[in-house]
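Below is one structure, written out as structure tokens; the observations come after it.
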Amino acid sequence: MASVTLEKVRKDYGAVRVLHAVDLEIADGEFVVLVGPSGCGKSTLLRMIAGLEEASGGEIRIGERLVNDVAPKDRDIAMVFQSYALYPHMDVSKNMGFSLLLKKAEKTTIDARVDGAAKRLGLDTLLQRLPRQLSGGQRQRVAMGRAIVRDPKVFLFDEPLSNLDAKLRVHMRAEIKALHQQLKTTSVYVTHDQIEAMTMADRIVVMHDGLIQQVGAPLDLYDRPANMFVAGFIGSPGMNFLPATVRKGGASEAVLADGQALLLPEGLPLKGGDAITVGLRPEHIRLADDGALKGEVVVVEPLGLSTQFYVKLASQQLCVFAMGRAGVKPGDVVRLAADPASLHLFDPKSGDRIG
Amino acid sequence: MTYAVSEIRSVGKPHRKRLSHVAIEPWLYLSPAIILLVVVLLVPLVIGISYSFRKFSAFKSEYVGLGQYQAMLSDQVLGQALVNTLWWTVASLFFQFFLGLGLALLLDKPFRGRKLVQALVFLPWAVPSFLSGLTWAWLFNPIIGPLPHWLFALGLKAEPTNVLSDPSTAMWGPIVANVWFGIPFFAITLLAALKSIPSELHEAAAIDGASPWQRFTKVTLPFLAPTIAITVMLRTIWIATFADLIFVMTEGGPAGSTNTVPVYIYVSAFKSLDKGYASAVAVLLLVLLIAYAIALIGIRRTLVRHV
Ligand SMILES: Nc1ncnc2c1ncn2[C@@H]1O[C@H](COP(=O)(O)OP(=O)(O)O)[C@@H](O)[C@H]1O
Ligand SMILES: [Mg+2]
């Protein structure tokens, strides 16, 4: 096992810079998830750690060793691809044992390692099958098995669950997590799905446009997003953003576009007249007869366990999340309240968090 | 037992009648296609085969049964032609395939000017075989072509003479022309097959520790194998039955040294006007090629299917 260290790592494709000076420290045994929208450079970063893509600048270290000029096979990593990349003409056991065979390991060693991994993943009855004779979920397991058999220092995953149906994805998510808890191998996992990131990661790295936006434990990102991008990306349903102006009176308030006002928390570096964006998580808004905000319910989405509804307010739709049944219907005019401490405030120009 | 069988029959009969009505219907829909196939493919074939049982003279023909086939057994020109055909086919195929594969592998890698090279590689394909035969014949001619002088300068030949006029080397002329002519076919089809290999497979193999040669043998080749089997089969049949180049360059000579079976068939039919014998030789070639195709299709079945 080993740590992974990235220092000022860049990647240019011709004149296009797709990764700008990425700094990241991944501790030994940690499960780190790189998450961000499609095209933000997650795969490129992962492939540079694997050695499949050359870094245009910066240093990549696995453990203490600088690996910029080391071939993929000598980096002691294993990678699970989105397409699984199983060898179509080899059966499951050959697929899993291929790397050991190339290392000229003893046949008994190979068999033992393959059997061990197959048992762990419930593949022991499928060892003689060809990839095309397997279901999507089974192929995914074989791809994992191939990685485990190598017993690498680092596991790299590139959207390994994206080709599975929703139910299987939830199941495999838990399985990969359980596997990591047994093996404790350093893992870097790429996904565009923030729920996967939240559920699996020890630490999440949020990326956007080739830049790291924020690094932190899942709930830290959720509770204190560093900017509007992270705030909007993490959490489902997403955070509401309301443009507002600061009004200083006895207490400071945020005045929305339609004149309604929300009480702001104390002690923030704000002056009267400042433009701000107020971020409100749907579950932090509640129905209250004495609530400061008033609006009309437009859409109600009952999910049984919970209800989501949308309220028209300051020419925007505010998403509200309530446990159980909300008891509202479209057309109702409701009053809403939010605890000042639950507000997230952002600078509308830079998007950065205030306070 | 007799009782049981007769009972099954009596029950089966009306059932079969109703079924036959249903069974005929799809054939009615298929009939235009079937009629077309029969007229275009089967009729000429059957007529050709029937010719092989007849003896043709100036204005009449008579049925001779297997007479023509018996004559083939003692025909030494035919024996030589079969050997020549084998040699012509194997040598042409060998060089076409390996040079075509090499080109396909080169063209699969990105480099400057790849588009241009690709267009050039496919050019011979567009030249009519008759024209390329003539051109190569001129190239080999020491009076107007440079090749004999180059071979002489390289020390490969004692004198700058025409390879086509020497029975021991004449076959190489059409083979070289045919290799030039046939490389594009393999380059195109194998390049298409190479492009269909997912790049992630090569990446997975690179991470697993495969050297470039191991990636070629363990990933690329198994992927190409089905394409190779089918293209080699098609190409063998085309080359074995391909007479244009030889006929234009050497007419089967000198001294029958480039006389292949298709050339012999052509000469028998249109020069000796022995249509019946030509048909019999053609049937022999057909049978040999069908046997070859069946063998190769059998091999192909054992190769991978992807996905
Ligand atoms: N081979 C390449 N040539 C040029 N641009 C590329 C290449 N590979 C990726 N890119 C660009 O780099 C950016 C990041 O790609 P990628 O890392 O695959 O994104 P992600 O995995 O986050 O969806 C994208 O804008 C993509 O278009
Ligand atoms: Mg990607």
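We name chains A, B, ... by the order of the sequence lines, and we start the count at 1 in each one. Predicted, not measured: the structure shown is a model, and the values here were computed from it.
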Under 3.5 Å, is there a donor-acceptor pair between the side chain of A/Arg139 and the main chain of A/Pro131? yes

Please determine, among B/Ala205, B/Pro198, B/Ser211, B/Ser199, the option with the most heavy-atom pairs under 4.5 Å with chain A. B/Ala205

Hydrogens and angles aside, do A/Thr191 and A/Asp193 bring a side-chain donor and acceptor to less than 3.5 Å of each other? no

Checking heavy atoms, do the side chain of A/Ile77, its backbone, both or neither come under 4.5 Å from chain B? both

Backbone of A/Val114 reached by a side-chain donor or acceptor of A/Lys119 within 3.5 Å: no

Got a donor-acceptor contact below 3.5 angstrom from the A/Tyr87 side chain to the A/Phe98 backbone? no

Contact class of B/Gln214 relative to chain A, heavy atoms under 4.5 angstrom: side chain

Please classify the contact of A/Arg47 with chain B as side chain, backbone, both or neither, using a heavy-atom distance under 4.5 Å. side chain

